[in-house]
Amino acid sequence: MSTHGEMAMTETGQATAASAADTLPEPPARPNGKVKTLGEPIVTVEQVHKSFHGNHVLKGVSLTVRQSEVVVIAGRSGSGKSTLLRCIDRLETIDDGRIVACGNLMGFRETNGRRVALRDHEIARQQREMGMVFQNFNLFPHISVIDNITVAPIRIKKVPRAQAREEARALLERVGLPEKENAYPRQLSGGQQQRVAIARALAMKPQVLLFDEPTSALDPEMIAEVLDVMVDLSHQGMTMIVVTHEMGFARAAADRVLLMHEGSIVEDAPPEDFFTKPTSDHTRAFLSKILQH
Amino acid sequence: MNWSWSYFFEYLTNGLMLQGAWTTVWLSVVSMAIGLGLGIVAALMKMYGNRALRYVAEFYIWLFRGTPILIQLVIIYTGLPQIGIRLSVIEAAILGLALNEGAYLAEIIRAGIMAVDKGQDDAGRALGMTWRERMWIVILPQATRTIIPPLGNQFNGMLKTTSLASVISMEELMRNAQMLAQIEFRVLEVYIVAAVWYLVLVTIWHQIQLRIEAHYEKPFGPAAAVASEGERELAKAVRAAGATNT
C-alpha cells in the first residue's frame, strides 16, 4: 500500500473523531453504575522488537493488558500500532522479546529455557483464543453472512452445525443485523460488514478481541453503528485492544489510552489523564492535531 | 460434385461415431479431473513448497508445456515399453492428456490463488485456521471464481486435443472417423460429421460453463439490493427525478 493511501485513511479517521464523540455516551457509563473490576493479566508483551526489511517498526515495546480491560492504542500511521496488534495475534512474527497471550507464549514453546518454534497447527490453536477485527473487514466474500460466522466454529472447533447456526443468529441479533443472515458480504454496507466481522470473531468465543482500525474504512455515518457495538462489548466485560483514531470511543469505553510514536509507547494513561494532562510532548502534538478539526 | 447427403446423415447417427463421441467426452472429463488435481498440487508446491518441491513443480511445468502433446503421447505409449513400462491405450491416453493439462492448469491455478486478497488469509489465520484449512475453506474456493473462465477454455481445448490420442489408437471420435473413412472412402462426409460432433460437444460445454460461472459469480452480484439507508433514499430520489423527466 502506498504511503499516500494510508495518509488519506488517517485523515478521514481524524476528521470524524470529533463528530463520533458527540454521538457516544459520556465517560465510563458502566452498567448499574458499578466500578469495573479488572482481572489477571491476559496479554503480556515484553520488550518486543520487529523490523520489516531493515525498517525498525517496534523498538522494545512492553505492555500488559488485564482481563476485561479495554486498551485503546492511538498514534500516527507508521508508528507501529497495527504491527503491535498483529504481533500479539501472531499474524506477524517477532524478532526479539516475548508475547504471552491467554496463557500461551505466542509462536514458541519453552523447554529448559530453550525456545522452539511451534508448528502451524499449534500456532493456529493459540490464535483461536483471540479474535481480530480488521480495517477492511476481510469477510469471506464467497459465502453468506451466517456461513461467515459459522464456518470457523463448525470446521475448526467442530461445533455441531445446528448449534453453531443458533449461536450465529444470536450474535447477529447482538450486532443488530438479525435479518441479514442469508445476504452476501457484498450486499452489505461497510458498517454492516464490520458488524458481521465482529460477530464472526465472537463466534469463536475469544478471550481477547483485537481491533485494527475498525472504523477507518467506513463512511462517517456508519462509524457510530460499529462503535456502539464495541462500547456494548466493553460493558459486557470483553477484553479489548483497539487501534483507532476514534477518541470518542476512547473516552467512552477505554480503561487506558496509549500513544505510540516511532515504534515505542510514549503515553499510557487512563482516558481522563490522556486527554487533560498528557505527559509526553508527542501526545500533546497528537491531541492538538485531532482537535483542530 | 460428389457430396452425398445420405452418407452424411448415415454417419451422423452411426453407432461407431456415437461411441467415439462418448469416448471423447469421458476421456476429456477423466483427463481434466486428474489434470486439475495435478495442477492444484503443482501450483501449491510452486507457491508454498520448500526449494526442492518448488524445483520439482517448475521442472514438471517446464517439461510438459515445452514439448508437443503428440510426442508426449507417443513416448508414453510407444516409447516407455522399451524400458519395461507397458500401459494400455486407455491408460496411456489418460496419463498423457492429464500430465499435459496439469502443467497448464498449474499456472492458471497459481494466478487464481494470487488474485485472492491477502486480507483473506489474515482473516483465516485470526480465526485459528491452519494453512490447510485456509487453503480449502478460504483461498481455493475464492480462487475458483477467477479460475473458472480459463478453466472452461482449457476444457474446450481438451475436448479437441483428445483427437490426438487417435495416433496411439485410442478409439475416440477421430479414430472412429478414420476407421469409417477407410471402409467406404466417403472421406469428406465422415470428417465433416466428426467436426460437427466436436462442435456439438463444445457448444454443450459452453452452456454448462456459463452455468458454473453464474454459480460462482452469485455472491459477487450487484450490491445495490441491500444498500444503506442513505443510499436507498438517494436512489429513490434519483428515480423520482428520472420519472418526472420522462
Side-chain angles (χ1 to χ4, degrees), chain A residues 1 86 89-92 119-145 147-149 151-157 177 179-180 182-192 197 200-201 203-204 206 209-210 212 219 221-222 225, chain B residues 44 47-50 53 109 112-113 115-149 151 212-236:
Chain A
M1 201 202 286
R86 291 173 61 85
D89 203 16
R90 226 306 193 145
L91 295 181
E92 306 287 352
R119 297 159 59 114
D120 183 42
H121 70 273
E122 295 168 312
I123 291 169
R125 190 155 299 149
Q126 294 184 330
Q127 289 169 323
R128 252 166 255 177
E129 302 296 326
M130 283 176 277
M132 182 122 168
V133 175
F134 299 89
Q135 178 174 345
N136 296 313
F137 332 131
N138 293 343
L139 289 179
F140 305 133
H142 60 302
I143 52 179
S144 65
V145 162
D147 287 341
N148 261 278
I149 301 172
V151 66
I154 292 172
R155 303 281 290 270
I156 315 298
K157 267 184 152 180
L177 294 167
E179 76 287 11
K180 296 290 189 219
N182 293 317
Y184 285 104
R186 279 298 150 89
Q187 297 169 316
L188 304 181
S189 69
Q192 291 171 333
R200 176 176 69 174
M204 289 297 274
L209 264 189
L210 310 171
D212 190 4
D219 291 335
E221 74 268 22
M222 292 169 186
E225 68 189 47
Chain B
L44 293 179
M47 294 183 79
Y48 303 99
N50 58 28
L53 290 175
I109 291 162
I113 291 173
V116 177
D117 179 43
K118 174 77 179 57
Q120 293 292 308
D121 195 58
D122 281 347
R125 288 200 292 160
L127 287 169
M129 294 183 187
T130 60
W131 178 83
R132 194 183 296 231
E133 287 161 343
R134 296 197 303 277
M135 274 299 137
W136 287 111
I137 299 171
V138 179
I139 310 290
L140 286 177
Q142 290 184 63
T144 306
R145 176 177 170 241
T146 326
I147 291 168
I148 291 284
L151 196 70
I212 298 175
E213 271 176 36
H215 173 77
Y216 280 98
E217 282 302 319
K218 198 176 134 216
F220 301 89
V226 206
S228 74
E229 195 69 33
E231 284 166 325
R232 264 205 301 275
E233 290 301 317
L234 187 67
K236 218 187 280 174

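All figures in this text were calculated on a predicted structure; none of them were measured in a lab. Chain A is the first sequence line, chain B the second, and so forth, proteins listed ahead of strands; every chain is numbered from 1.
- Nearest heavy atoms, A/Arg155 versus B/Ile137: NH2-CG1, 3.4 Å.
- The greatest number of non-hydrogen atom pairs below 4.5 Å with chain B, out of A/His121, A/Met130, A/Arg200, is found for A/Arg200.
- Both the backbone and the side chain of A/Phe140 have a heavy atom closer than 4.5 Å to some heavy atom of chain B.
- Looking at A/Ile156 and B/Leu127, their side chains never come closer than 4.5 Å, going by heavy atoms from C-beta outward.
- For chain A, the nearby part of B/Glu133 is the side chain; its heavy atoms alone come within less than 4.5 Å.
- The CD1 atom of B/Ile139 lies 9.0 Å from the NZ atom of B/Lys118; values are rounded to the nearest 0.5 Å.
- In this structure, chain B has a heavy atom under 4.5 Å from the backbone of A/Leu139, while its side chain stays farther away.
- Of the possible polar contacts, none joining the A/Gln127 side chain to the B/Met129 backbone as a donor-acceptor pair under 3.5 Å is found.
- Here the side chain of A/Asn148 pairs a donor or acceptor atom with the backbone of A/Ile143 at under 3.5 angstrom.
- Both the backbone and the side chain of B/Asp122 come within less than 4.5 Å of a heavy atom in chain A.
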